[in-house]
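Step one of this worksheet: look at the structure below.
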Amino acid sequence: MSIITNDEEGIKKAGKLLREGRLVAFPTETVYGLGANGLNEEAVKNIFITKGRPQDNPLILHIADKSWLTDIAEEIPEYVNELMDAFWPGPMSIILKAKTEIPRTTTAGLDTVAIRFPNHKIAQAIIAEAGVPIAAPSANLSGRPSPTNFRDCYNDLKDKDVYVFEGGETDIGIESTVILCTSYPPQILRPGKIDADAIKRVVGDVIVGAVDKTVVRSPGQKYGHYMAKKPTLLLDMKPEDADQLLEKIKPNAIFISAEENKYQAKENIVIGSYFDPDQAAKHYFKSLRDADMMDGDMIVIQGFSKEGIGEALFNRMKKSASGKVMEDKDEDWIC
Ligand code: TXA
Ligand code: MG
């Protein structure tokens with residue numbers, strides 16, 4: 001791994017390397033992405049190999065201007081213009097019918113493609129400099145929490161043949177909302193900062209989650225995700241109920257908690273107020289990686305308010321806990 005410094009020269013270097021088919025990790029407003037020239041099959045294949053990513057999990061193409069969209073997608077419904085005007089640049093990935101020129105390695109064999117225009121100065125400058133759409137999954141090794149800062153990117157990629165741009169901390173902390181836009185109403189496949197209400201306000205209606213559970217619409221959603229190395233349990237309850245429960249069982253745990261929690265575990269990592277899921281989302285993935293470096297048998301996560309980004313945060317937390325979720329009513333749950 002080589003580091004690219006955060007300056008004008010670094011941006012030029014990153015753009016050139018990407019254009020030439022190399023892998024470059026860089027920050028966006030959501031999480032760090034591991035970028036490659038999205039039109040170069042070999043470069044894209046290298047992303048899958050480097051991350052250990054299942055071959056059937058498609059990538060998002062990142063663009064530096066809305067005008068690039070029509071070179072990538074076709075049969076674009078009218079309402080997509082309204083979504084782009086409302087949320088781009090920003091944490092929204094839209095899925096449309098892919099032009100035949102888009103490599104099927106990028107789309108994992110699908111005839112649709114996900115596209116995002118990130119709202120981050122460094123990301124925009126690097127993609128513009130590259131001059132080609134950049135395929136970029138989150139820059140973690142497959143299954144691990146997405147990196148939200150340079151350190152976490154570095155730790156996952158240090159043994160790999162890649163470049164990492166020294167881009168500081170990301171702002172939102174969890175990945176973009178993924179929306180299937182091939183028909184109306186659009187369908188949210190992965191929740192994010194832009195929630196169902198915000199989309200509804202712009203286009204009138206939206207479907208949330210899978211309509212037919214037997215069809216995997218967003219292949220990434222079926223794999224283990226966002227996982228720490230230690231066993232992890234999520235408490236889907238108010239801080240006072242979590243405190244009472246933990247007081248009873250006294251686990252030898254690291255507690256990823258809210259400001260409102262009173263229980264003192266072996267280690268507490270406070271990620272924000274229960275009522276401020278934006279703040280918690282920003283710090284959540286880093287807290288999992290921090291917890292892995294601390295002394296303790298397991299990780300217990302406090303659930304946060306599900307308002308706004310809170311639903312997306314809860315979705316990530318549930319996956320981190322591989323479904324091991326304890327609700328307040330769930331008296332005889334065994335972990
Ligand atoms: O915020 C983000 O979206 C970050 C930053 C780097 O932009 N990227 C990111 O990429 O989270 P990744 O690869 O970790 O997640 C992409 C998700 C996966 O769940 C994938 O299955 C889904 O988007 N996806 C991509 N293309 C798709 C398609 N054509 N149809 C259905 N799902 C698709
Ligand atoms: Mg990912």
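Given the structure is predicted, the values throughout are model-derived calculations rather than measurements. In listed order, ligands and their atoms are each counted from 1. All residue numbers in this chain count up from 1 along the given sequence.
A donor-acceptor contact closer than 3.5 angstrom links the side chains of Ser273 and Glu260. A side-chain N or O of Glu175 and one of Ser146 form a donor-acceptor pair less than 3.5 Å apart. At a cut-off of 3.5 Å, with distance as the only test, a side-chain donor of Arg116 or Thr28 sits close to an acceptor on the other residue. Between the side chains of Ser93 and Ser176, a donor-acceptor pair is found at a separation under 3.5 Å.
The proximity of Gln187 to ligand 1, defined as any non-hydrogen pair under 4.0 Å, does not occur for either the backbone or the side chain.
Remark: ligand 1 atoms within the under-4.0 Å shell around heavy atoms of Ile95 are 27 (C), 28 (C), 29 (N), 30 (N), 31 (C), 32 (N), 33 (C). Ligand 1 places these atoms under 4.0 Å from at least one heavy atom of Ser138: 8 (N), 9 (C), 10 (O), 12 (P), 14 (O). Counting the atoms of ligand 1 from 1 in the order shown, those under 4.0 Å from a heavy atom of Leu110 are 28 (C), 29 (N), 30 (N). Heavy-atom proximity to Gly33, at under 4.0 Å, picks out these atoms of ligand 1: 6 (C). Remark: ligand 1 atoms within the under-4.0 Å shell around heavy atoms of Ala114 are 25 (C), 26 (N). Of all atoms in ligand 1, listed by their number and element, those nearer than 4.0 Å to a heavy atom of Thr112 are 28 (C), 29 (N), 30 (N).
The number of heavy-atom neighbours closer than 6.0 Å to OH of Tyr154, taken from other residues, nucleotides and ligands shown, is 12 or below.
The heavy atom nearest to atom 23 (O) of ligand 1, considering only Thr182, Val178, Ile134, is found in Val178. The heavy atom nearest to atom 10 (O) of ligand 1, out of those in Pro137, Pro27, Ala139, is found in Pro137. When His120, Arg190, Arg116 are checked for heavy-atom proximity to atom 15 (O) of ligand 1, Arg190 turns out nearest.
Residue Asn57 has at least one N or O atom closer than 3.5 Å to an N or O atom of ligand 1. At under 3.5 Å, not a single nitrogen or oxygen of Lys51, backbone or side chain, sits near a nitrogen or oxygen of ligand 1. Ligand 1 has a nitrogen or oxygen under 3.5 angstrom from a nitrogen or oxygen of His62. Remark: ligand 1 and Thr30 share an N or O pair separated by less than 3.5 Å (distance only, no angle test).
With values rounded to the nearest 0.5 angstrom, Lys97 atom NZ is found 14.5 Å from Ile72 atom CD1. Distance OG1/Thr106 to CD1/Ile60: 12.0 Å, rounded to 0.5 Å. Interatomic distance, Thr170 OG1 to Phe26 CZ, rounded to the nearest 0.5 Å: 12.5 Å.
At a threshold of 4.5 Å between non-hydrogen side-chain atoms, the residues Leu39 and Pro103 count as touching.
Residues Lys45 and Glu42 are paired through a salt bridge, judged by an N-O separation under 4.0 Å between the basic side chain and the carboxylate.
With 2.8 Å as the limit, Ser146 does not count as an N, O or S neighbour of the Mg ion (ligand 2).
At least one heavy atom of Ala136 sits less than 4.0 Å from an atom of ligand 1.
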